[in-house]
Each structure stands twice: as structure tokens, then as C-alpha cells.
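Index from 1, following the sequence.
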Amino acid sequence: MVRQRIEIKKIVNVTARQVTFSKRRRGLFKKAKELSTLCDAEIALIVFSSTGRLFDFSSSSMGQVIERHNQQTENLIQLNQPSLELQLDNSASAIAIKEVEERTLELRRLRGEELHGLGLDELKKLEKTLEGGISRVLKTKVCVSFPSEMFEKEIAALKRKEDRLMEVNEWLKQHARMQMGSDIGQTHEQGQSSDQSIITTTNNGSSAAAPPQDYDSSDTYLKLG
């Protein structure tokens, strides 16, 4: 005989409902026991009838299984909820992203982009900021270019000084050559006059200029011009 499939809905007849509950409960507990034995699983079943009666089944200990169930539930909740450090990191990342977006928008406006939506006061403030930046750039440019100009002036002054020193050196060389020529001429004249010096001897009777009065006549006197 083929079993007929019944419609899954609440049984209206109380007696039939109690009979079905008893049969299905025993079958459920039997299947749970088989599953626990075959698969080495921990199983706990708690069933309350419509009249409030309690029926339970546990493969080991009902309290241990319930405690394990509660522990597993808490772990799942912790995994689903991000940790405090992660929340702080996410908050810091969000703040950094927002700041980057603001700075990017500010730079674009400094370049003259995305100015729509700005009021008159904001545009004036932006204009003052740009004027201040241009002023600082010009001052920096002057400070950078000034040393090169100063070095060029110093190099030119040193070049002129070098030219003057070379002229003075050349003049000193010419003056030294002239002075050496004059000294050579004077030395030549003095040599000629020394050849004409008077040598006087008193013993051989030769003619010569007279020596000084206080000089001994037996000696020879040489006078250089």
C-alpha cells in the first residue's frame, strides 16, 4: 500500500495531532541518535509539546551542548562586529581621505579650476592667497638671482685689478732693465779711471803723483778714482 503524502499544515483534530506528535517525536529522536552514532556528532534536542510538556534528547550532556552553542554564538557575533582597533583605523582612514579630497579641491581652485559654487567673499580670499604666493615667489627669485649678480661684479673687479697689476709689473720690469743698464755704464767708467790711477814709488825715481804727506815714502800708494 502506497503511503499518501499529507499536506504540511497544522492538524485541526486534537487527537490526531497528539498521535502525530508522538510518532514524529520518536522518529526524530531515533534519527538524531543514528546521526550521533554514525557521524560522531554532538546532538541536543529540546521539544515542547502544544500542552507545554518537555521532551529532550542529548548525545552527551545537554548542559555542555548548550554551553558550546552559546559560545559559538558569541564568537560569531565578535567575528561579525569589527574590533575597536579596526574601527579606529577605519575612522582615521576616512578622515585622511576626506582631508586629501579637501586639499585636492583647494589646489584645483588655486589653479583656477572648479570655482563654481564659490561666493564673492571666498573668491576674494582666494585672490589674496594667490597674491601672497606670487609675492613670496618674487622675493625668493630675487634672493636666488642676487648672489650670481654679486659674484659677476666681484669677478669683473678682480679682472680689472689683475690687469692693473700686470701693467705695474711690466713697468717695474722696464724700470729694472733701465737701472741695470745705468749701473753697467757707471761700472765701465769707474774701470777706465782705475787704469789711470797714480802709482808712486820713491826708491826707483819714477815719476808719479805725490802721495799724501803723512804716508811713508818707502811704501807704494794706489789711488783709485
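To the nearest 0.5 Å, atoms CG (Asn169) and CD (Glu162) are separated by 11.5 Å. Rounding to the nearest 0.5 Å places CD of Glu102 at 9.0 Å from CD of Glu106. Distance check: Lys125 NZ to Leu130 CG gives 12.5 Å after rounding to the nearest 0.5 Å. Atoms CD and CG, from Gln174 and Leu172 in turn, are 9.5 Å apart once rounded to the nearest 0.5 Å. One distance of note links OG of Ser59 with CZ of Phe57; it measures 6.0 Å at 0.5 Å rounding. Between the CG atom of Leu126 and the CG atom of Asp121 there is a distance of 12.5 Å, given to the nearest 0.5 Å.
When hydrophobic clusters are built by joining Ile, Leu, Val, Met, Phe, Trp and Tyr residues whose side-chain heavy atoms come closer than 4.5 Å, directly or via intermediates, Leu123 is grouped together with Leu107. In the hydrophobic clustering of this structure, Val19 does not group with Leu28; members are Ile, Leu, Val, Met, Phe, Trp, Tyr whose side-chain heavy atoms approach within less than 4.5 Å, directly or through other members. Residues Leu54 and Ile66 share a hydrophobic cluster, clusters being chains of Ile/Leu/Val/Met/Phe/Trp/Tyr side chains in contact below 4.5 Å. The cluster map of Ile, Leu, Val, Met, Phe, Trp and Tyr, joined by side-chain heavy atoms under 4.5 Å apart, puts Phe21 and Phe29 in the same cluster. No single ILVMFWY cluster, assembled from side-chain heavy atoms under 4.5 Å apart, contains both Ile43 and Val65.
Although no hydrogens or angles enter the test, the distance criterion places no donor-acceptor pair under 3.5 Å between the side chain of Ser36 and the main chain of Glu42.
In this structure the side chain of Met166 never reaches within 4.5 angstrom of the side chain of Glu170, judged on heavy atoms. In this structure, the side chains of Leu35 and Lys31 stay at 4.5 Å or more apart for every pair of heavy atoms. Counting only heavy atoms from C-beta outward, the side chains of Arg160 and Arg164 approach each other to under 4.5 Å.
The 12-atom threshold is not exceeded at CD of Glu67, counting heavy atoms of other residues, nucleotides or ligands nearer than 6.0 Å. The number of heavy-atom neighbours closer than 6.0 Å to CG of Asp40, taken from other residues, nucleotides and ligands shown, is 12 or below. Heavy-atom contacts from other residues, nucleotides or ligands closer than 6.0 Å to CZ of Arg17 number more than 12. Within 6.0 Å of CZ on Arg53 lie no more than 12 heavy atoms contributed by other residues, nucleotides or ligands.
Taking Glu122 as the reference, nothing meets the salt bridge (charged side-chain N to carboxylate O under 4.0 Å, His left out) condition, with sequence neighbours excluded. In terms of the salt bridge (charged side-chain N to carboxylate O under 4.0 Å, His left out) criterion, Arg25 has no residue partners (sequence neighbours excluded).
Judged by distance alone, the side chains of Ser22 and Arg26 do bring a donor and an acceptor atom under 3.5 Å apart.
Heavy-atom minimum distance, Ser61 versus Ser58: C-OG, 3.2 Å. The shortest non-hydrogen separation linking Met62 to Leu45 is CE-O, 3.6 Å.
Screening residues 118-141 for ring pair (Phe, Tyr, Trp, His ring centres under 6.0 Å) gives no qualifying pairs among residues at least two apart or on separate chains.
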